[in-house]
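Accompanying notes for the structure given below.
Each ligand, and each atom within it, is numbered from 1 in the order the structure gives.
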Amino acid sequence: MIFEQLSLGNMHNYTYLFADELTREGFIVDPGFDHDKILATIRKHKVNLTRIILTHHHYDHIAAANQVKAQTGAEILCHRETAPLLHGAASYDRLIDEGYSFNLGNNKIVCLYTPGHAPGSLCLLVADKWLVTGDTMFINDCGRADLAGSDPKLLFASLQRLKSLPDHLIVCCGHNYGPYPTRTLGEEKRLNPTMNARNLDEFCKLP
Ligand SMILES: [Zn+2]
């Protein structure tokens with residue numbers, strides 16, 4: 001697969017491009033800033049963009065979605081709990097939920113419902129190689145659970161769920177906050193304190 005991780009905007013957001021090398025069909029995740037750079041990357045790889053997937057409703061993950069859609073014709077997908085929170089900052093064409101999947105060539109993409117940082121937060125399993133986590137998990141950390149709509153209990157449960165996925169997955173998170181741009185899920189299980197809290201109480205006491 002074609003894989004690009006773009007660090008964009010003053011909040012160091014990551015936008016991702018994935019595409020099948022043979023068919024050139026692809027999708028992006030969380031276009032928050034710099035639609036020109038995103039479009040240039042799509043053109044560079046000669047990708048036919050068919051989907052724009054929003055991991056959650058926060059402005060820094062969605063603000064460039066409409067411009068990318070206008071230039072590519074791709075449809076915008078989000079969870080049903082995300083849709084009413086977009087408030088016109090991005091439009092949407094399709095509601096997706098746990099288990100939604102599609103294929104790009106021989107590569108399967110599967111949607112996981114992982115609420116907590118925001119209602120409707122999604123993660124994506126891509127080609128059994130990458131795990132796109134949005135703001136649910138960062139390298140060595142997790143997303144905030146103290147924002148409007150956040151729920152620490154749900155976030156803790158979502159992180160526990162991610163722990164059940166295979167170690168070889170490459171974690172692709174929503175912000176460039178950590179010591180590395182990506183790390184394997186196995187390393188996160190070992191080193192990320194938010195994955196190692198033994199219960200909700202311990203989780204909530206983390207700095
Ligand atoms: Zn967020």
>> At less than 2.8 Å, would any N/O/S atom of Asp135, backbone or side chain, sit next to the Zn ion (ligand 1)?
In response: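 A backbone or side-chain N, O or S atom of Asp135 is under 2.8 Å from the Zn ion (ligand 1).
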> So, His61 and the Zn ion (ligand 1): N/O/S under 2.8 Å, yes or no?
Replying inline: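 No - counting backbone and side chain alike, His61 has no N, O or S atom under 2.8 Å.
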> Hey, what's the angle at the Zn ion (ligand 1) spanning ND1 (His58) and NE2 (His117), nearest 10 degrees?
Replying inline: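 Seen from the Zn ion (ligand 1), ND1 and NE2 are separated by roughly 90°.
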>> Is there a side-chain contact between Ile96 and Ile53 in this structure, where contact means two heavy atoms from C-beta onward sitting under 4.5 Å apart?
In response: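 In short, these two side chains touch, coming nearer than 4.5 Å.
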>> With no hydrogens and no angle check, just 3.5 Å: does a side-chain donor-acceptor pair link Glu81 and Tyr113?
In response: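 Short answer, yes.
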>> Using the rule ring-ring contact (aromatic ring centres under 6.0 Å, His included), only one of His117, His61, His12 pairs with His175; which is it?
In response: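 Running ring-ring contact (aromatic ring centres under 6.0 Å, His included) over His117, His61, His12 with His175 returns exactly one hit, His61.
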> Parallel, tilted or perpendicular: which fits the ring planes of Tyr14 and Tyr16, with parallel below 30° and perpendicular above 60°?
Replying inline: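 Judged by the thresholds at 30° and 60°, the geometry between Tyr14 and Tyr16 is tilted.
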